[in-house]
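Treat the numbers as computed from the prediction; the structure is a model and nothing was measured.
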Amino acid sequence: MGMWASLDPMWEMPAEKRIFGAVLLFSWAVYLWETFLAQRQRRIYKTTTHVPLELGQIMDSETFEKSRLYQLDKSTFSFWSGLYSEIEGTLILLFGGIPYLWRLSGRFCGSAGFGPEYEITQSLMFLLMATLFSALTGLPWSLYNTFVIEEKHGFNQQTLGFFMKDAIKKFIVTQCILLPVSSLLLYIIKIGGDYFFIYAWLFTLVVSLVLVTIYADYIAPLFDKFTPLPEGKLKQEIEVMAKSIDFPLTKVYVVEGKATIGKKILFGWFVYLSTLFLKLFNKRKISFLKFVIKG
């Protein structure tokens with residue numbers, strides 16, 4: 001009884017405080033579980049120093065060692081960036097960062113002549129300021145990831161100027177998609193009545209399908225250069241492989257990315273399947289590609 005009696009003050013707290021505590025507890029529980037899983041994977045990176053038998057025919061020791069060291073560095077980076085993100089989110093919740101940002105967005109809207117009745121306008125201002133804050137706080141981590149880790153392992157091809165231009169472009173493109181979609185979603189919620197959640201779900205489903213469909217042709221080329229893969233043995237091998245697993249392949253592009261050596265992107269029927277990082281176009285890599293897709 002003593003243990004349960006000690007919980008009585010918790011249940012006597014206002015409902016909003018109990019919900020707040022539960023959300024905070026759940027967030028940290030998820031973070032600690034994901035960190036535990038990541039650390040288990042990190043131990044595998046540290047202890048597996050030889051090529052596994054399953055990969056022995058398609059990967060040499062040098063490539064495996066480079067990949068292992070790269071994953072070790074990435075796991076260390078993920079740990080510290082994840083810890084920072086969790087602490088940042090906790091502090092924002094504890095010190096009322098979200099309500100403060102909402103009030104601040106209201107002041108900006110008020111100074112522009114939009115009163116409290118313009119809640120959608122204020123919501124868009126709130127989203128703009130929140131994503132700007134997120135972009136600025138995440139910038140140092142992105143810089144370190146690109147110019148320290150990726151540079152160390154030979155994957156970075158960007159200059160600082162290109163990086164900043166790309167970051168600004170990404171932010172602008174995000175806002176051009178996020179703000180109109182959010183305004184329509186908020187309007188649907190506002191006028192949707194008791195079944196607003198059904199209309200909101202249908203709207204988000206349609207938007208998701210549209211974005212998946214137009215991404216490769218209109219959004220991705222803003223950041224990377226797409227070139228059709230020339231006719232040859234590599235393309236023939238990919239087409240044969242796609243046919244063998246009944247994948248409706250329609251396009252194969254070489255992507256000249258700024259952050260990687262080279263990529264292959266395969267397009268199916270309204271499907272953006274995957275991005276596969278290949279440095280050399282040879283039989284060994286084709287075998288590895290088959291291994292990855294077939295599992």
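- Leu24 has its side chain within reach of Leu94: a pair of non-hydrogen atoms, C-beta onward, lies under 4.5 Å apart.
- Rounded to the nearest 0.5 angstrom, Phe197 CZ and Leu202 CG are separated by 10.5 Å.
- One hydrophobic cluster holds both Leu211 and Leu184 under the rule that ILVMFWY side chains link at heavy-atom gaps under 4.5 Å.
- Taking each heavy atom of Thr90 and Trp28 in turn, the nearest pair found is OG1-NE1, 2.8 Å.
- Below 30°, between 30° and 60°, or above 60°: for Phe155 and His153 the angle between ring planes is below 30°, a parallel geometry.
- Proximity of Glu150 to Gln158: side-chain heavy atoms (C-beta onward) are nowhere separated by under 4.5 Å.
- Side chains of Met129 and Phe108 form a contact here, defined as non-hydrogen atoms less than 4.5 Å apart.
- Heavy atoms of other residues, nucleotides or ligands lying less than 6.0 angstrom from CZ of Phe77 number more than 12.
- Annotation: side chain of Val51 is not in contact with side chain of Glu65 (no heavy-atom distance under 4.5 Å).
- Note: the hydrophobic cluster containing Leu101 also contains Phe95 (ILVMFWY, side chain heavy atoms under 4.5 Å, direct or indirect links).
- Summarising the geometry of Thr137 relative to Ser134, their closest heavy-atom pair is OG1-O, 3.2 Å, with the distance given to 0.1 Å.
- The number of heavy-atom neighbours closer than 6.0 Å to OH of Tyr199, taken from other residues, nucleotides and ligands shown, is 12 or below.
- If you chain together hydrophobic residues whose side chains sit under 4.5 Å apart, Phe79 and Tyr144 fall into the same group.
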Would you check, one step at a time, whether the test side-chain contact (heavy atoms from CB on, under 4.5 Å) holds for Ile149 with Thr76?
CA-CA 10 Å; Ile149 296 178; Thr76 301; over 6 Å; no
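- Between the CG atom of Leu160 and the OG1 atom of Thr146 there is a distance of 10.0 Å, given to the nearest 0.5 Å.
- Here the closest heavy-atom approach between residue Ala200 and residue Ile188 is recorded as N-CG2, 4.0 Å.
- Note that CZ of Phe171 and CG of Leu178 are 9.0 Å apart. Values are rounded to the nearest 0.5 Å.
- In this structure, Leu179 and Leu127 approach most closely via the heavy-atom pair CD2-CB, 4.3 Å.
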Go through the steps for Gln157 and Phe162 under the test side-chain contact (heavy atoms from CB on, under 4.5 Å), then give the verdict.
-> CA-CA 9 Å; Gln157 293 183 333; Phe162 269 115; over 6 Å; no
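- When side chains are defined from C-beta on, Met125 does not count as touching Leu104, because their heavy atoms never get closer than 4.5 Å.
- With rounding to the nearest 0.5 angstrom, the CG atom of Leu124 is 10.0 Å from the CD atom of Gln175.
- The closest side-chain heavy-atom distance from Leu83 to Trp80 is below 4.5 Å.
- Note on Trp33 and Phe26: separate hydrophobic clusters, where clusters join Ile, Leu, Val, Met, Phe, Trp and Tyr whose side-chain heavy atoms are under 4.5 Å apart, directly or indirectly.
- Under a 4.0 Å N-O distance rule, the pair Glu62/Lys66 qualifies as a salt bridge.
- In this structure, the separation between CZ on Arg107 and SG on Cys109 is 12.0 Å, given to the nearest 0.5 Å.
- At least one side-chain heavy atom of Ser27 sits under 4.5 Å from a side-chain heavy atom of Glu86.
- Residues Ser142 and Phe163 form a side-chain contact, since some pair of their non-hydrogen atoms from C-beta on lies under 4.5 Å apart.
- Between atom OG1 of residue Thr48 and atom CZ of residue Arg68 there is a gap of 8.0 Å, rounded to the nearest 0.5 Å.
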Check: Between Ile98 and Trp102, is a side-chain contact (heavy atoms from CB on, under 4.5 Å) present by the stated rule, with each step listed?
Finding: CA-CA 6 Å; Ile98 294 177; Trp102 177 257; 5.7 Å; no
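- Val23 and Leu91 are not part of a single hydrophobic cluster, where members link through side-chain heavy atoms under 4.5 Å apart.
- No donor-acceptor distance shorter than 3.5 angstrom exists from the side chain of Ser67 to the backbone of Thr63, with no hydrogens or angles considered.
- Taking a 6.0 Å sphere around OH of Tyr187, one finds it holds 12 or fewer heavy atoms contributed by other residues, nucleotides or ligands.
- Shown here for Phe64 and Thr49, the closest heavy-atom pair between the two residues is CE2-C, 3.9 Å.
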Worksheet item: When you look at Leu185 and Val207, which way does the side-chain contact (heavy atoms from CB on, under 4.5 Å) test go after all the steps?
Response: CA-CA 10 Å; Leu185 179 61; Val207 169; over 6 Å; no
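- Note on ring orientation: taking the six-membered ring where Trp is involved, the planes of Tyr84 and Trp141 are tilted (angle from 30° to 60°).
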